[in-house]
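This report refers to the structure that appears directly beneath it.
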Amino acid sequence: MQRKKAKIIKKTRACKKRQRHVHEFEGSTKLAEEGNDRHNHRFAGVTGQAIRVGKSHVHEIDLTNTDFLNHFHKLKKIVTGPAIPVGNGKHVHFVTGQTTLNDGHVHPFKFATLIQAPLI
C-alpha cells in the first residue's frame with residue numbers, strides 16, 4: 001500500500017518594501033609595502049541597495065575578499081558618497097576608504113561605481 005505524500009504549502013508574505021537599485025563596481029587599491037613586497041589588489045562586486053540620506057542616497061559595500069596575492073584584504077562597511085548625476089537620469093557614486101589590515105598593512109583606494117541599470 002502506497003502512502004500519499006502530504007502537500008507542503010508555504011505561505012509567503014508579500015513584501016511591501018520596494019527593492020532599491022544597486023551599482024556594480026570594480027577597482028584597484030593603491031600600492032602598499034616596499035621593495036619586492038610592494039603590491040596592490042583588484043576587486044569587483046555589487047553595492048548594497050540604496051540608503052536614503054537627505055535628498056540623495058548612499059550604498060554600503062561589504063566585500064569579502066580582494067584578489068589573491070598570498071593574502072586577502074576585505075572592504076568592510078564602506079559607504080559610498082552621495083549620487084553624482086551623469087545625465088539621462090543616471091548617476092554614479094564616488095568611494096574612498098581603505099582595506100582591512102592583513103599581512104601587516106592596509107591599502108587605501110578611490111573609485112567610482114558604475115552607472116545603475118545601464119541597459120534600462
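Note that these values count all heavy atoms, side chains included, but never hydrogens, waters or copies made by symmetry.
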Residues which pass side chain to side chain donor-acceptor pair (under 3.5 Å) with N102, listed by chain and number, not counting sequence neighbours:
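Side chain to side chain donor-acceptor pair (under 3.5 Å) list for N102, sorted by chain: empty.
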Using the side chain to side chain donor-acceptor pair (under 3.5 Å) criterion, which residues pair with K76? Sequence neighbours excluded.
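So K76 forms a side chain to side chain donor-acceptor pair (under 3.5 Å) with D62.
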Rounded to the nearest 0.5 Å, what separation is found between the [atom1] atom of [X] and the [atom2] atom of [Y]?
| X | Y | atom1 | atom2 | value |
| --- | --- | --- | --- | --- |
| D103 | D37 | CG | CG | 7.5 Å |
| H105 | H71 | NE2 | NE2 | 3.5 Å |
| K74 | T66 | NZ | OG1 | 10.5 Å |
| N36 | E34 | CG | CD | 11.5 Å |

Are the side chain of [X] and the backbone N or O of [Y] linked by a donor-acceptor pair below 3.5 Å?
| X | Y | result |
| --- | --- | --- |
| H107 | T99 | no |
| N65 | F72 | no |
| T113 | E24 | no |
| R38 | E33 | yes |

Parallel, tilted or perpendicular: ring planes of H57 versus H21, cut at 30 and 60 degrees
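Because their plane-to-plane angle is over 60°, the rings of H57 and H21 count as perpendicular.
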Would you call the rings of H73 and H39 parallel, tilted or perpendicular, taking 30° and 60° as the class edges?
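Plane angle under 30°, so parallel.
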Between [X] and [Y], which heavy-atom pair has the shortest distance, and what is it?
| X | Y | answer |
| --- | --- | --- |
| V58 | V53 | CG2-CG2, 3.8 Å |
| S56 | A83 | OG-N, 3.1 Å |
| R42 | S28 | CG-OG, 3.5 Å |

Other cluster members, [X] - Ile/Leu/Val/Met/Phe/Trp/Tyr, side-chain contacts below 4.5 Å:
| X | answer |
| --- | --- |
| V106 | L101 |
| I78 | F25, F43, I61, L63, L75, V95, F109, F111 |
| V46 | V22 |

Check ring pair (Phe, Tyr, Trp, His ring centres under 6.0 Å) between F94 and all other residues, then give those that pass, not counting sequence neighbours.
none
Taking atom [atom1] of [X] as the centre, does the number of heavy atoms from other residues, nucleotides or ligands within less than 6.0 Å exceed 12?
| X | atom1 | answer |
| --- | --- | --- |
| N88 | CG | no |
| E26 | CD | no |
| K110 | NZ | no |

For a 4.5 angstrom cut-off between non-hydrogen side-chain atoms, does [X] reach [Y]?
| X | Y | answer |
| --- | --- | --- |
| K30 | H41 | no |
| H59 | Q49 | no |
| H91 | Q116 | yes |

V86/I115 under side chain to side chain contact (heavy atoms under 4.5 Å, CB included): CA gap, chis, key distance, verdict
CA-CA 8 Å; V86 294; I115 296 172; 4.1 Å; yes
